[in-house]
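Following: one structure in structure tokens, then a few remarks.
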Amino acid sequence: MGRYFGTTPIFYVNDAPHVGHAYNALSVDAVCRWHRLLGDEVRFLTGTDEHGLKVMRSAQEAGRSPIEHADHNSGRFRDAWAEMNLANDDFIRTTEPRHHAAVQAMLQRAYDNGHIYQATYSGWYCVGCEAYYAEDDLIDDHACPIHKRPVEHMVEDNWFFRLSAFQKQLEDWFAATPGNVTPDGFRNEALGILRQGLEDVSISRSSIDWGISVPWDPDHVFYVWYDALINYATAVGYGTDQEQFDTWWPSVHHFVGKDILRFHTIYWPAMLMAADVEHLPTVHVHGFLLLGGEKMSKTGNVTKVAPSDLIADFGVDGFRHAVLRDHPFGPDSEFSYEALLSRYNVDLANNYGNLVSRVATVVAKKCNGIGPAPDPGSPLAAVVATAFAETAAAWERTQPSVALEATWRIIRQTNEYLQEREPWKMDAGPDVDAVMGDALEALRIATVLAWPSIPETAELAWKRIGMPGTVAEQRLPAAAQWGLYPGGVTVETGDPLFPRLKLT
RNA sequence: GGCGCCGUAGCUCAGUUGGUGAGAGCGCUCGACUCAUAAUCGAGAGGUCGACAGUUCAAAUCUGUCCGGCGCUACCA
């Protein structure tokens, strides 16, 4: 029994929820659900990032105040995640008072420790963009690449975080903690960044006021990135509830896309060090979903694909399972409507759903609709034991696709087993009972293991096979023990759990 | 330029610390079955593991070079 605190990044409110976000959030949800099955105390956090110039500007365009705009757009994420059946325990918004308090507390601490200093920032500033550009990014003769207008050389006082001072400590952390960043490929990238040497970073802006003010210098607000990272700490009580923070922080796991690896594996740990926070996070990095396939390539970009459109076609669980099963956590992978459809039909309609149907029918015909108890010596028992071990190991390594593959082997093997025994040809009696009891037991266990990806349908199947209670309240590894299917319970037939779908 | 990732069957991908004749799913071909959502089961075809060289008794798995695809290099998962 342990504790697991899983986080998504907070999503920038200007974005509309898309499959890229969904993939990230679903991965956290599934891993957290796995930990819930293990009986761990779990906290799953997600939320929205709402400060910064871009939000301010798009609020203006929409004719709203920044907070009205943030309220509205944050709601889109909240709704999308509810529709995806994410079981998040909290939804944080960076505009909340608790977050302001935490940010100010953490950075004040870093300031008091001497890790933040004032310096002059100078650079090429585009008035149109209200942003600085590096010399290399400019076009023609010092012109903004977007507005094609000359930029101005500006000088501004800024607060800087002494990131460079943490080079050694970060190196030590990596050396002492082999699993701090996974998978290894991304850990190497983080090490590469470290090897190149760290420079101090500017963490405040005086040009805008839509942000969290610097406690010792109210004319400045913290730059959006540095306020954003702190959300993870805010949510478990940093600055407001030390006991809660101490309880959860040691078991924090961040799930992030590879584009923000630098912030989560270098900057953020350094900020924590600067504020004397003892425990550092574990970071799980994944790649991008690349848009492939006929139907969706028209939309051009994965950021244009809304989860709700796919849920409309495949159902929540269909979407959840296909996304989790098809995309190895780590590398970039192809995302296509065709692949989604294929995964849905194969795993859910043909294998899982159809197995539930055929078992229920045979039980109805040969066992009077009463599910018999399994055979303790069934050959399926060993199959299940192996599959469970592999499933558990894969979830532990944060590899949902591998875990689900292992779980589905139980389903495939049960189909094979039925085919081999042909209970539908037998006369009613002990022989049929033994076979069907085994099938029901395999189904029972597979249903528990599949719950992280198909939570809603798993509950339906659970009831179909006559199990009391819910899947959600099952506890592993006990629930994966062969032989717990009670027997003597009513098995119901019904409409297909996952109707087979055709390309439209 | 610097750092890093990737290139394994038609497709999408697995392949721990190098070691029985290289795998899965999908797709395809043939066959079986007909309880089930035209679902299921079996058999089969299909790969010089990007190229070249090297280390080794032994490499998809280590080293080097090259070719090809890509990411990061201060703010979109």
Side-chain angles (χ1 to χ4, degrees), chain A residues 8-12 14-15 17-27 49 52-54 131-132 134 136 163 183 185-196 199 201-203 223-226 228 255-263 266-267 285-290 292-293 301-303 325-328 330-336 338-339 342-343 345-366 393 397 399 401-402 405 408-409 412 414-420 422-426 432 436 439 493 495-501:
Chain A
T8 73
I10 42 175
F11 303 106
Y12 206 59
N14 266 17
D15 297 334
H18 57 69
V19 273
H21 300 125
Y23 171 52
N24 169 277
L26 227 33
S27 299
D49 184 7
L53 184 63
K54 286 192 214 163
Y132 285 94
D136 292 347
L163 179 64
F186 287 118
R187 190 175 130 90
N188 287 338
E189 292 210 18
L191 282 167
I193 292 170
L194 259 185
R195 218 174 294 123
Q196 289 180 45
E199 288 178 22
V201 289
S202 157
I203 63 167
Y223 182 46
V224 59
W225 252 107
Y226 300 93
F255 288 63
V256 302
K258 63 180 184 179
D259 53 327
I260 50 176
L261 174 148
R262 169 187 220 99
F263 291 97
I266 307 289
Y267 294 9
V285 186
H286 65 256
F288 294 161
L289 262 30
L290 308 175
N301 189 306
V302 73
T303 61
R325 170 62 185 85
D326 259 350
H327 305 288
D332 291 352
S333 62
E334 293 286 342
F335 182 86
S336 76
E338 292 77 4
S342 168
R343 180 58 64 189
N345 278 332
V346 172
D347 277 10
L348 300 178
N350 298 354
N351 287 323
Y352 184 77
N354 184 52
L355 177 61
V356 172
S357 295
R358 66 194 304 209
V359 166
T361 303
V362 176
V363 169
K365 290 183 178 172
K366 302 284 181 179
R397 295 196 310 268
Q399 299 187 323
S401 67
V402 179
E405 180 187 29
W408 249 255
R409 278 211 293 280
R412 291 175 185 282
T414 304
N415 272 321
E416 282 178 35
Y417 180 71
L418 288 177
Q419 200 68 30
E420 195 181 292
E422 302 185 308
W424 46 87
K425 285 185 175 173
M426 302 173 176
V432 177
M436 297 321 291
T493 54
D495 292 337
L497 258 17
F498 294 102
R500 195 176 161 80
L501 297 174

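The shown structure was predicted, so the numbers you read here are calculated from the model rather than taken from an experiment. Keep in mind that the numbers below use all heavy atoms, side chains included, and drop hydrogens, waters and symmetry copies. Chain letters run A, B, ... following the sequence lines, proteins first, then strands; residues in each count from 1.
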(Q) What's the gap between B:U8 and B:G69 when it is taken at their P atoms, as a whole Å value? (A) 15 Å
Q.
Applying a 4.0 Å non-hydrogen cut-off, can you work out what A:T361 is touching in the nucleic acid: base, sugar-phosphate, or nothing?
A. sugar-phosphate
Q) Think A:K258 forms a cation-pi with A:F288, using NZ or CZ under 6.0 Å from the six-ring centre and within 45 degrees of its axis? A) yes
Find every protein N or O atom lying less than 3.5 Å from an N or O atom of nucleotides 13-18 of chain B, and list the pairs.
{"from": "B:C13", "atom 1": "OP1", "to": "A:E334", "atom 2": "N", "distance (Å)": "3.2"}

Q | Whole angstrom value for the distance that separates P of B:A36 from CG of A:D495 | A | 15 Å
(Q) Students often get this wrong, so: under 4.0 angstrom with heavy atoms, is A:V201 touching a base, only sugar-phosphate, or nothing? (A) base
Q: For residues A:M426 and A:K366, report the shortest heavy-atom separation together with the two atoms involved.
A: O-NZ, 2.8 Å
Q: Indicate whether OP1 or OP2 belonging to B:A39 is found under 4.0 Å from a side-chain N or O atom of A:N351.
A: no
Q: Give the rounded distance in Å between these two atoms: CE of A:M436 and C1' of B:A36.
A: 10 Å
Q.
Once you apply a heavy-atom cut-off of 4.0 Å, does A:R397 come out as touching a base, just sugar-phosphate, or nothing?
A. nothing
Q: Whole angstrom is fine here: how far is it from CG in A:D347 over to P in B:U12?
A: 18 Å
**Q.** Spacing between A:E199 atom CD and B:A74 atom P, to the nearest angstrom
**A.** 9 Å
Q.
Given 3.5 Å as the limit, does a donor-acceptor pair link the side chain of A:N351 with the main chain of A:V346, or not?
A. yes
Q: Let me know the distance between OH of A:Y352 and C1' of B:U40, rounded to the nearest Å.
A: 17 Å
Q. Expressed in angstrom and rounded to an integer, what is the separation of A:L418 atom CG from B:G42 atom C1'?
A. 15 Å
Q: May I ask you to evaluate whether A:K425 reaches the phosphate of B:C33, defined as a side-chain N or O under 4.0 Å from OP1 or OP2?
A: no
Detail all sub-3.5 Å separations between protein N/O atoms and N/O atoms belonging to nucleotides 3-10 of chain B.
{"from": "B:G4", "atom 1": "OP1", "to": "A:R195", "atom 2": "NH1", "distance (Å)": "3.4"}
{"from": "B:G4", "atom 1": "O2'", "to": "A:E189", "atom 2": "OE2", "distance (Å)": "3.1"}

**Q.** RNA chain B: stems of at least 3 consecutive Watson-Crick or G-U pairs whose donor-acceptor distances fall under 3.5 Å
**A.** B:1-7 with B:67-73, B:10-13 with B:23-26, B:28-32 with B:40-44, B:50-54 with B:62-66
Q | Nearest to side-chain heavy atoms of A:P496, which nucleotide of B:G25, B:U37, B:C35 | A | B:U37
Q) Given atom CD of A:Q419 and atom P of B:A36, what is their separation to the nearest angstrom? A) 13 Å
**Q.** Selected nucleotide, minimal atom distance to A:K54 side chain, candidates B:C76, B:U37, B:A74
**A.** B:C76
Q: Rounded to the nearest angstrom, tell me the gap between atom CG in A:N415 and atom P in B:G25.
A: 13 Å
Q.
Once you apply a heavy-atom cut-off of 4.0 Å, does A:K366 come out as touching a base, just sugar-phosphate, or nothing?
A. nothing
